[in-house]
Amino acid sequence: MAQDLEQAFWQQGESRGFWQPNSRILLAVSGGVDSMVLLFLMEKVASRLSLTIGVAHVNHQLRPESEAEEAFLKTYCAKREIAFFGRCWEEVPAKGIEEAARNFRYQFFREVMVEEKYDTLMTAHHSDDQLETMLMKMLREGNLQTAGGIKPEQPFAPGRLLRPLLSFAKEELREYAHKNHLVYYEDATNTKLDVQRNRLRQQVVPLLKAENPQVLAHFTQLAQQIQWTVQWQQESLEAWFEEYASLLENGWKLPIQALSVLPPGQRYFCVQYCLLKLRNQQGLMFHEEQLQLILRCLASERSQWSVDLGDGWQARREYQQFLLQKKEAEILTTDSQTLSLGSGIFLSEGEWLGFLPADATGILPEEQGKIPEKVKLWSEFSHALPVDFPTEVMLRKRVAGDRIQLTPALRKKISRILIDKKIPNEMRERTWVMTDRKGRILGVLPVALSYLSIGKETDKIHYRLLYKYKK
């Protein structure tokens, strides 16, 4: 059996391109049976191909045996003229130790690969690890993207990360170690049942193996199928997103039609892809409950809705658009403001309003300097003012019951105008009501103007209203 494992390891590595004669391969070695078998096997490969191997070891300082394990590996590598790279983990957190230790290890491996110019990192994960990882992922997450468990190969640092033992069982590795008289260390913490992986390893996996001796092979097969499915799905989703998504200053937007025409399953994965993209680029975590809420909103007939994702981000619908966008906090200078003809003011961080001298061609050249440079590329609403327009106006936020006189005979609620014009909720909140000193509403910026603000065709243009805003 030991010889069969050795031959299978060699054939697999040759057929899958795990090494080349000029490869520089860094081995992550803990001192346990799995990693010592990997080291021993790679020594044999190195002798046949004259490739370079090195050993990277982290002393976590969590067990009394840690010092002895590190000393043993140093001596082992020195006798065989193998480069040894070691590091101690000094800052152990009070909680989340397992994840923190993993991050520390891989950061160390990354640094060694870069500094010493290794092109490949190998770890000793095996098929029992794969089974345990898949069970943990399904228990914790229930997510297709991670249900495939440990990948046999993936990009890492300047090269790649390989797990060449994934097709071998723990028992095979242990038997190989015994037949070759390999020295290794047992980690006593692997027996503690306060760790989920240990509970699965000792209490669940033995039952599965007893139920069907082929369970490792079946889970290895399932892992590969899931990984292929996810890769295929990912490529399709990337193409879909590339076709429909438009980049905004602080997010993305897609036409609602791109989601509404999809069957429920495809719609789920498309929305999930959008949220995963947001997580990967912005570090924003989301929950399945938020995803399901978005899907329920998409299935409804509501033309506008929003779902908070945290940290100021929202998923929302604005009529025929689906947006994933961070809502920037706007700092208002005051609740209400006064503006005179010939001047301009910032209404908020993203809004500027000016009443500037103009002629039929637009704002006069000598007045252009009054327009702040940073607002010139913003969206704008511009309107020529009548000759009898007030010399001073007040600006305030709208209140319930506000009505605007559109013509001498037609008066309409501002709320109804916003609905009729399908103004998105976010823009409705930014709407400014412009009044004269008597309180008569002259306009709702940037949506509608009262007949009091509209001049006759024969009027000569003296001033122009210029409202600049960030979308």
Side-chain angles (χ1 to χ4, degrees), residues 328 330-418 420-421 423-424 426-471:
E328 295 183 358
E330 294 182 351
I331 305 172
L332 303 180
T333 53
T334 61
D335 291 335
S336 62
Q337 301 209 49
T338 302
L339 181 62
S340 301
L341 287 179
S343 60
I345 55 171
F346 277 96
L347 298 172
S348 74
E349 288 285 336
E351 298 169 285
W352 182 86
L353 178 66
F355 293 133
L356 301 180
D359 58 20
T361 63
I363 294 171
L364 297 174
E366 59 268 26
E367 299 296 323
Q368 291 288 335
K370 293 182 180 179
I371 304 174
E373 198 63 35
K374 76 173 187 177
V375 312
K376 289 185 177 178
L377 296 180
W378 293 358
S379 300
E380 74 174 39
F381 172 77
S382 179
H383 175 72
L385 298 172
V387 293
D388 58 351
F389 192 80
T391 58
E392 188 176 69
V393 298
M394 270 57 70
L395 293 124
R396 61 169 173 82
K397 291 298 183 179
R398 67 187 180 94
V399 296
D402 272 343
R403 295 174 181 268
I404 186 171
Q405 201 77 35
L406 298 175
T407 71
L410 177 61
R411 195 161 177 253
K412 198 168 186 179
K413 276 189 174 182
I414 290 177
S415 58
R416 173 46 57 185
I417 292 176
L418 297 174
D420 292 346
K421 290 182 176 288
I423 304 300
E426 186 182 17
M427 185 168 273
R428 293 182 196 181
E429 295 173 8
R430 293 169 51 175
T431 301
W432 287 90
V433 173
M434 181 173 65
T435 72
D436 61 15
R437 283 203 166 274
K438 296 179 180 179
R440 294 181 300 176
I441 294 178
L442 303 173
V444 184
L445 303 178
V447 180
L449 292 172
S450 162
Y451 82 99
L452 299 171
S453 300
I454 300 174
K456 301 181 180 65
E457 290 185 9
T458 56
D459 279 354
K460 184 178 179 181
I461 298 174
H462 291 285
Y463 286 91
R464 181 169 287 274
L465 176 154
L466 182 63
Y467 173 72
K468 303 285 286 185
Y469 60 100
K470 288 169 68 175
K471 280 191 175 180

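The first residue of the sequence shown is numbered 1, and numbering continues consecutively from there. For clarity, every value in this text was computed on a predicted model and none was experimentally measured. Every heavy atom of this structure was used, including side-chain atoms; hydrogens, water molecules and symmetry mates were not.
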Under a 4.5 Å cut-off applied to non-hydrogen side-chain atoms, are [X] and [Y] in contact?
X: L356; Y: L364; value: no
X: R398; Y: R428; value: yes
X: E351; Y: L445; value: no
X: F381; Y: V447; value: no
X: E366; Y: P357; value: no
X: I371; Y: E380; value: no

Check whether [X] reaches the backbone of [Y] with its side chain - one donor and one acceptor, N or O, closer than 3.5 Å.
X: S450; Y: Q405; value: yes
X: Q337; Y: F346; value: yes
X: H383; Y: S453; value: yes
X: K468; Y: W378; value: yes

**Asked** Who are the side chain to side chain donor-acceptor pair (under 3.5 Å) partners of S382, not counting sequence neighbours?
**Response**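 Testing S382 for side chain to side chain donor-acceptor pair (under 3.5 Å), a comparison that skips the adjacent residues, returns R464.
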Would you name the heavy atoms of [X] and [Y] that are closest together and state the gap between them?
X: V433; Y: T435; answer: CG1-CG2, 3.9 Å
X: W352; Y: G344; answer: CZ2-CA, 3.7 Å
X: R440; Y: D436; answer: NE-OD2, 2.7 Å
X: F355; Y: V393; answer: CE1-CG2, 3.3 Å

About how many Å separate [atom2] of [Y] and [atom1] of [X], when rounded to the nearest 0.5 Å?
X: L442; Y: M394; atom1: CG; atom2: CE; value: 8.5 Å
X: Y451; Y: I404; atom1: OH; atom2: CD1; value: 11.0 Å
X: I441; Y: L449; atom1: CD1; atom2: CG; value: 12.0 Å
X: K370; Y: S343; atom1: NZ; atom2: OG; value: 7.5 Å
X: I417; Y: I423; atom1: CD1; atom2: CD1; value: 10.0 Å
X: E367; Y: L466; atom1: CD; atom2: CG; value: 12.0 Å

**Request:** For atom NZ of K421, decide whether the heavy atoms of other residues, nucleotides or ligands shown that lie under 6.0 angstrom number more than 12.
**Result:**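 It does not: K421 NZ has 12 such atoms or fewer within range.
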**Message:** I'd like to know whether CG of L377 has more than 12 heavy-atom contacts from other residues, nucleotides or ligands below 6.0 angstrom.
**Reply:**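 Atom CG in L377 is not crowded, with 12 or fewer foreign heavy atoms closer than 6.0 Å.
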**Asked** Tell me the salt bridge (Lys or Arg N to Asp or Glu O under 4.0 Å) pairs involving residues 405-414, sequence neighbours left out?
**Response**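 For residues 405-414, and leaving out neighbouring residues, the salt bridge (Lys or Arg N to Asp or Glu O under 4.0 Å) pairs sorted by first residue read K412-D420.
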